[in-house]
2 protein chains.
Amino acid sequence: MAQKDPVLALDNQICFALYALNRAVTARYRPLLAELELTYPQYLVMLVLWEQGAGAESARVSDVGARLRLDSGTLTPLLKRLEERGLLLRQRQADDERVVRLLPTEAGWQLQEKARQVPARLMCGLGVEPQRLMALQQELRSLLAVLEGSAPSD
Amino acid sequence: MAQKDPVLALDNQICFALYALNRAVTARYRPLLAELELTYPQYLVMLVLWEQGAGAESARVSDVGARLRLDSGTLTPLLKRLEERGLLLRQRQADDERVVRLLPTEAGWQLQEKARQVPARLMCGLGVEPQRLMALQQELRSLLAVLEGSAPSD
DNA sequence: CAAAATTAAATTGGGCACAATGTAAATCAC
DNA sequence: GTGATTTACATTGTGCCCAATTTAATTTTG
């Protein structure tokens with residue numbers, strides 16, 4: 001007893017494969033995002049803001065949080081750093097002071113131009129057939145939907 | 001220009017699917033590991049130590065780091081917390097004082113007993129066919145091997 | 001309308017990740 | 001065998017994550 005147990009073997013933990021690959025992929029993004037002076041979570045936030053489009057209704061903190069599954073404890077300081085860098089403005093909504101609207105600045109939009117090449121450069125660097133990645137992405141998204149659609153412990 | 005761009009759409013980023021699913025799965029572990037009073041990275045470290053077996057040569061900090069792809073900046077404080085909790089001993093190797101050996105204590109081995117049920121309980125809670133998870137894990141591991149076998153930007 | 005409940009962010013605190021640097025011990029090179 | 005490298009951890013500092021709490025504004029209820 002109290003010895004090796006295949007059930008507890010690291011290589012049998014689905015979680016570890018996910019954890020390790022996530023960090024390995026993030027590490028591949030790092031040098032590319034360093035050119036934009038963005039961290040990986042900051043890049044994701046900018047993607048959400050860019051996605052809203054310039055003309056559309058600006059995103060709220062909670063919109064970004066819902067999209068990225070992050071709460072204000074993570075987002076508030078991150079957004080303040082992006083604001084200090086001049087990439088966006090955080091402003092309280094006049095008719096509902098609880099809400100903070102996030103508006104990319106001109107510099108924020110200019111950064112989008114530089115960011116456009118990131119996905120392709122990443123894919124190249126990975127050295128994996130795009131089809132294979134697309135298939136994986138579909139599966140990951142599908143599983144995420146399953147997890148988000150069921151209670152944390154049915 | 002400077003508007004929506006399918007290349008930058010969040011839903012097209014393989015990275016985001018990986019990032020979001022990893023956090024969702026970790027969140028599923030959290031209540032189970034809370035019963036053991038372990039965080040998720042602490043759980044992974046204990047898995048490595050348990051895997052070594054009680055009779056075998058004890059693991060070094062760098063062994064755990066190599067297995068989990070974590071450096072001493074992450075591991076040292078984490079291991080100190082596990083030591084404070086009485087789950088392991090950190091002791092310098094006599095014939096090479098640079099090396100720190102990690103030895104699970106009796107409490108550390110007892111915790112393995114409680115941990116044995118974690119994987120099955122997690123799988124149940126996910127509500128996904130085990131075969132599907134096994135297939136995903138194979139793919140994740142295969143991709144991790146590819147990334148670790150190639151330069152960070154070929 | 002006033003009290004209670006809800007909502008949106010912010011704050012606080014603990015614990016990862018990771019880059020960069022520091023420190024001491026062991027090994028190598030001449 | 002001594003100086004230069006290398007190795008193994010530790011430390012420092014920045015930036016996530018997340019739980020729990022707080023604050024302030026809005027909405028709901030009686």
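Lettering of chains follows the sequences in order, A, B, ..., and the numbering in each one begins at 1.
Of the possible polar contacts, none joining the B:Glu148 side chain to the B:Leu143 backbone as a donor-acceptor pair under 3.5 Å is found.
If you check distances only, the side chain of A:Ser72 does reach the base of C:dA10 with a donor-acceptor pair under 3.5 Å.
Residue whose closest nucleotide on DNA chain C sits further toward the 5' end, between B:Arg69 and A:Gly73: A:Gly73. In this structure, A:Val61 and A:Ala24 both approach DNA chain C, and ranking their closest nucleotides by distance from the 5' end singles out A:Val61.
Note on A:Asp95: only backbone sugar-phosphate atoms sit closer than 4.0 angstrom, heavy atoms only; bases stay farther off.
In this pair, A:Tyr29 and A:Tyr40 present their aromatic rings tilted. The plane angle is within the 30 to 60° band.
Taking 4.0 angstrom as the limit, A:Ser62 places a side-chain polar atom (N or O) nearer than this to OP1 or OP2 of C:dA9. Contact check, B:Thr39 against C:dC16: a side-chain N or O comes under 4.0 Å of OP1 or OP2. Proximity of B:Tyr19 to the phosphate of D:dC16: no side-chain N or O atom is located under 4.0 Å from OP1 or OP2. Applying the 4.0 Å criterion to OP1 and OP2 of C:dA10, one finds that A:Arg90 has a side-chain N or O inside that range. Put simply, A:Arg30 has a side-chain N or O that comes within less than 4.0 Å of OP1 or OP2 on C:dA19. The side chain of B:Arg98 contributes no N or O atom lying less than 4.0 Å from OP1 or OP2 of C:dT23. Put simply, B:Arg92 has no side-chain N or O that comes within less than 4.0 Å of OP1 or OP2 on D:dC9. For A:Lys80, a side-chain nitrogen or oxygen approaches OP1 or OP2 of C:dT11 to under 4.0 Å. Taking side-chain N and O atoms only, B:Tyr40 has no distance below 4.0 Å to OP1 or OP2 of D:dC17. Within the 4.0 Å cut-off from OP1 or OP2 of D:dA8, at least one side-chain nitrogen or oxygen of B:Arg60 is found. Proximity of B:Thr76 to the phosphate of D:dA10: a side-chain N or O atom is located under 4.0 Å from OP1 or OP2. For the OP1/OP2 pair of D:dC16 and a distance below 4.0 Å, the side-chain nitrogens and oxygens of A:Gln42 include at least one atom meeting the criterion. In terms of phosphate contacts, B:Arg23 brings a side-chain nitrogen or oxygen within less than 4.0 Å of OP1 or OP2 of D:dC18.
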Quiz prompt | Criterion side-chain hydrogen bond (donor to acceptor under 3.5 Å, both in side chains) on B:Ser62 and B:Arg98, from CA distance to verdict | solution = CA-CA 11 Å; B:Ser62 52; B:Arg98 296 172 303 180; over 6 Å; no

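Two residues are said to be in side-chain contact when any heavy atoms from C-beta on lie closer than 4.5 Å; B:Lys80 and B:Arg90 meet this criterion. Between A:Leu8 and B:Val118, the closest side-chain pair of non-hydrogen atoms is not below 4.5 Å.
Residue A:Glu129 qualifies as enclosed at atom CD: its count of foreign heavy atoms under 6.0 Å is above 12.
A straight line from CG of A:Asp96 to P of C:dT7 spans 12 Å, rounded to a whole angstrom. In this structure, CG of B:Leu102 is placed 8 Å from P of D:dC9, rounded to the nearest angstrom. For A:Arg81 and D:dG13, the CZ to P distance is 17 Å, given to the nearest whole Å. Straight-line distance from the CG atom of A:Leu75 to the P atom of D:dA19: 14 Å, rounded to whole Å. The distance from atom CZ of B:Arg85 to atom C1' of C:dG15 is 13 Å, rounded to the nearest whole Å. With rounding to whole Å, A:Leu70 atom CG is found 6 Å from D:dC18 atom P. Taking atom CD of B:Gln91 as the reference point, atom P of D:dA10 lies 13 Å away to the nearest angstrom. Atom pair A:Glu83:CD and C:dA10:C1' shows a separation of 14 Å (rounding to whole Å applied).
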